[in-house]
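The figures that follow rest on heavy atoms only: side chains count, while hydrogens, waters and symmetry mates do not. Numbers here simply count residues along the sequence, with the first being 1.
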Amino acid sequence: MSEGGGQVVRGFPHLDTVRSAITALHRRLGPDGVRKYATSFVPADAAFADTEDLYPGAQRVAGALVEHLRLPKARVVVGFRRMEHAAAVELTAGPEYFVELNDRFRTHRRDIGAALAHEITHVLLHRLGLEFRGTRDNEVLTDTVTAYLGAGWLLLDAFRQDATSSQKLGYLTPDEFGYVLAKRALVFDEDPSVWFTSPQAYPAYTAGRAKALGDLRRPPLTGAGWAGRRRYARDRRRAVGSAGTGPGDGYAFEDGPGGLRVSFACPVCHQRVRVPVRGRVRARCGLCRTVLECDT
């Protein structure tokens with residue numbers, strides 16, 4: 001797990017990988033499996049008082065995260081040492097897992113839960129056999145899954161800046177953490193912002209939420225805005241009688257034996273959905289089962 005210092009990158013540079021990670025998670029767990037994580041990690045379980053003994057406290061938080069992520073009962077042994085990164089985990093067949101945290105967490109105890117959340121999600125992904133190629137994409141996958149399954153608000157809350165220093169844990173930008181948390185919040189009707197203690201976390205969440213809401217306002221969804229609808233109508237006219245068109249604003253027209261169809265990304269899981277072009281239609285995503293109201 002990485003930790004940021006100095007200038008913190010903002011915006012959405014990993015957005016395509018984040019969306020692919022959300023799709024991969026839904027494919028691996030299925031809609032019923034995802035719904036098992038409808039309750040987010042409880043803030044009280046991550047709380048770490050300065051008076052609490054370091055090692056028993058870290059073990060307590062790790063145990064709570066193992067339970068939250070629905071891992072088989074396993075002991076997570078937490079140690080501290082000087083290291084370049086924020087944390088690391090040894091992935092084995094179990095039954096014990098070994099997590100090492102940067103020595104600085106001995107005194108920055110409020111962020112122990114965030115560091116452990118990322119590393120224990122590595123354990124979950126290892127057990128699920130879910131990984132992306134390359135270190136960067138695999139770490140983005142881990143951050144995304146941590147956030148989508150209810151423990152990643154800890155990572156966004158670990159983002160702090162002042163006039164002379166900054167801290168960010170994980171590979172996602174703060175805005176991307178906000179995006180994934182907002183995607184989750186829209187599915188499970190929750191508001192993770194009430195748990196933030198960092199003054200910088202809420203603006204990042206707001207930026208991410210705006211991007212997530214934008215996914216619900218892209219044609220051919222009925223929630224699309226006027227400009228998007230006008231552009232979609234223009235692209236549809238061009239596609240009629242042709243072999244289809246390339247991708248527009250996340251959609252593409254395809255001509256086939258059954259007539260013109262449009263494909264677009266499900267706003268929940270980003271699986272491609274294909275529907276006939278025939279006005280108002282209701283479609284169900286085959287992956288996450290979300291019912292989508294469309295005007296094709």
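Electrostatic pairing of Arg60 and Glu52 counts as a salt bridge here, judged by a charged N lying under 4.0 Å from a carboxylate O. Checked for salt-bridge contact, Asp295 and Arg229 meet the test: a charged N lies under 4.0 Å from a carboxylate O. Under a 4.0 Å N-O distance rule, the pair Asp103/Arg82 does not qualify as a salt bridge. For the pair Arg209 and Asp175, the salt-bridge criterion is not met [side-chain N within less than 4.0 Å of a carboxylate O]. Ion pairing between a basic and an acidic side chain is recognised when a charged N comes within 4.0 Å of a carboxylate O; Arg81 and Glu100 show such pairing.
Looking at heavy atoms from C-beta onward, Val89 lies out of side-chain contact with Ile120 at the 4.5 angstrom threshold. In this structure, the side chains of Val76 and Val123 stay at 4.5 Å or more apart for every pair of heavy atoms. Here the side chains of Thr135 and Asn138 are not in contact, with every heavy-atom distance at 4.5 Å or above. You'll find the side chain of Pro267 reaches within 4.5 Å of the side chain of Leu221, heavy atoms only. Residues Thr144 and Arg19 have side chains not in contact (no heavy-atom distance under 4.5 Å, counting atoms from C-beta outward). Residues His14 and Asp137 form no side-chain contact, since every pair of their non-hydrogen atoms from C-beta on lies 4.5 Å or further apart. Taking 4.5 Å as the limit, every side-chain heavy atom of Thr296 sits out of range of all side-chain heavy atoms of Pro276. By the 4.5 Å heavy-atom criterion applied to side chains, Arg110 and Thr197 are counted as neighbours.
Atom-to-atom distance recorded for Arg106:CZ and Ile112:CD1 is 9.5 Å, nearest 0.5 angstrom. Between Leu15 atom CG and Ser20 atom OG the span is 9.5 Å, to the nearest 0.5 Å. Distance check, rounded to the nearest 0.5 Å: CG of Leu25 to CG of Leu141 gives 8.0 Å. Atom NE2 of His68 and atom OG1 of Thr121 lie 8.0 Å apart (nearest 0.5 Å). To the nearest 0.5 Å, atoms CG (Leu181) and CG (Leu156) are separated by 6.0 Å. Annotation: the span from Leu172 atom CG to Phe159 atom CZ amounts to 13.0 Å, rounded to 0.5 Å.
In this model, no donor atom of one side chain and acceptor atom of the other lie less than 3.5 Å apart for Arg160 and Ser198. In the model, His118 has a side-chain atom that pairs as donor or acceptor with a side-chain atom of His122 under 3.5 Å. Judged purely by distance below 3.5 Å, without hydrogens or angles, the side chains of Asp157 and Tyr205 never pair a donor atom with an acceptor atom. Side chains of Gln167 and Asp111: a donor on one and an acceptor on the other come within 3.5 Å.
Scanning all heavy atoms of the two residues, the minimum distance from Arg289 to Pro31 falls at NE-CG, 3.3 Å. In terms of heavy atoms, Val262 sits closest to Pro220 at CG1-CG, 4.2 Å. Taking both residues in full, the closest heavy atoms of Ala115 and Leu101 are given as CB-CD2, 3.9 Å, listed atom of the first, atom of the second, then distance. Listed here is the closest heavy atom pair of Gly228 and Pro219: O-CG, 3.5 Å. Of all heavy-atom pairs between Arg272 and Ala252, the closest is NH2-N, 4.1 Å. Residues Val78 and Ala58 approach most closely at CG1-CB, 3.9 Å, considering heavy atoms.
Aromatic rings from His26 and Tyr148 are positioned such that their centres are separated by under 6.0 Å. Between Phe80 and Tyr55, the distance from one ring center to the other falls under 6.0 angstrom.
Taking the six-membered ring where tryptophan is involved, the planes of Trp195 and Trp153 are tilted, since the angle between them lies from 30° to 60°. Classified by interplanar angle (parallel below 30°, tilted 30° to 60°, perpendicular above 60°), the ring pair Phe253/Tyr251 is perpendicular.
Counting heavy-atom neighbours within 6.0 Å of Phe196 CZ, excluding the residue itself, gives a total above 12. The number of heavy-atom neighbours closer than 6.0 Å to CG of Asp189, taken from other residues, nucleotides and ligands shown, is 12 or below. By the 6.0 Å contact criterion, CZ on Arg35 is enclosed, its count of non-hydrogen atoms from other residues, nucleotides or ligands being greater than 12. Atom CD of Glu67 has 12 or fewer neighbouring heavy atoms from other residues, nucleotides or ligands inside a 6.0 Å radius.
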Worksheet item: Which is it for Leu260 and Glu254 under the side chain to side chain contact (heavy atoms under 4.5 Å, CB included) test, yes or no, and what are the steps along the way?
Response: CA-CA 6 Å; Leu260 195 65; Glu254 307 163 0; over 6 Å; no
Item to complete: Go through the steps to decide whether Asp235 and Arg230 satisfy the test salt bridge (Lys or Arg N to Asp or Glu O under 4.0 Å), and finish with yes or no.
Response: CA-CA 9 Å; Asp235 293 340; Arg230 184 176 182 180; over 6 Å; no
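Side chain of Glu90 to main chain of Phe98: no donor-acceptor pair is present (N/O by atom type, distance under 3.5 Å, no hydrogens or angles).
Remark: Lys211 is positioned above the aromatic ring of Phe12, its terminal NZ or CZ atom under 6.0 angstrom from the ring centre and at most 45 degrees off the axis.
Hydrophobic clustering, with ILVMFWY side chains joined whenever heavy atoms are under 4.5 angstrom apart, keeps Leu213 apart from Leu292. Hydrophobic clustering, with ILVMFWY side chains joined whenever heavy atoms are under 4.5 angstrom apart, groups Leu128 together with Phe132.
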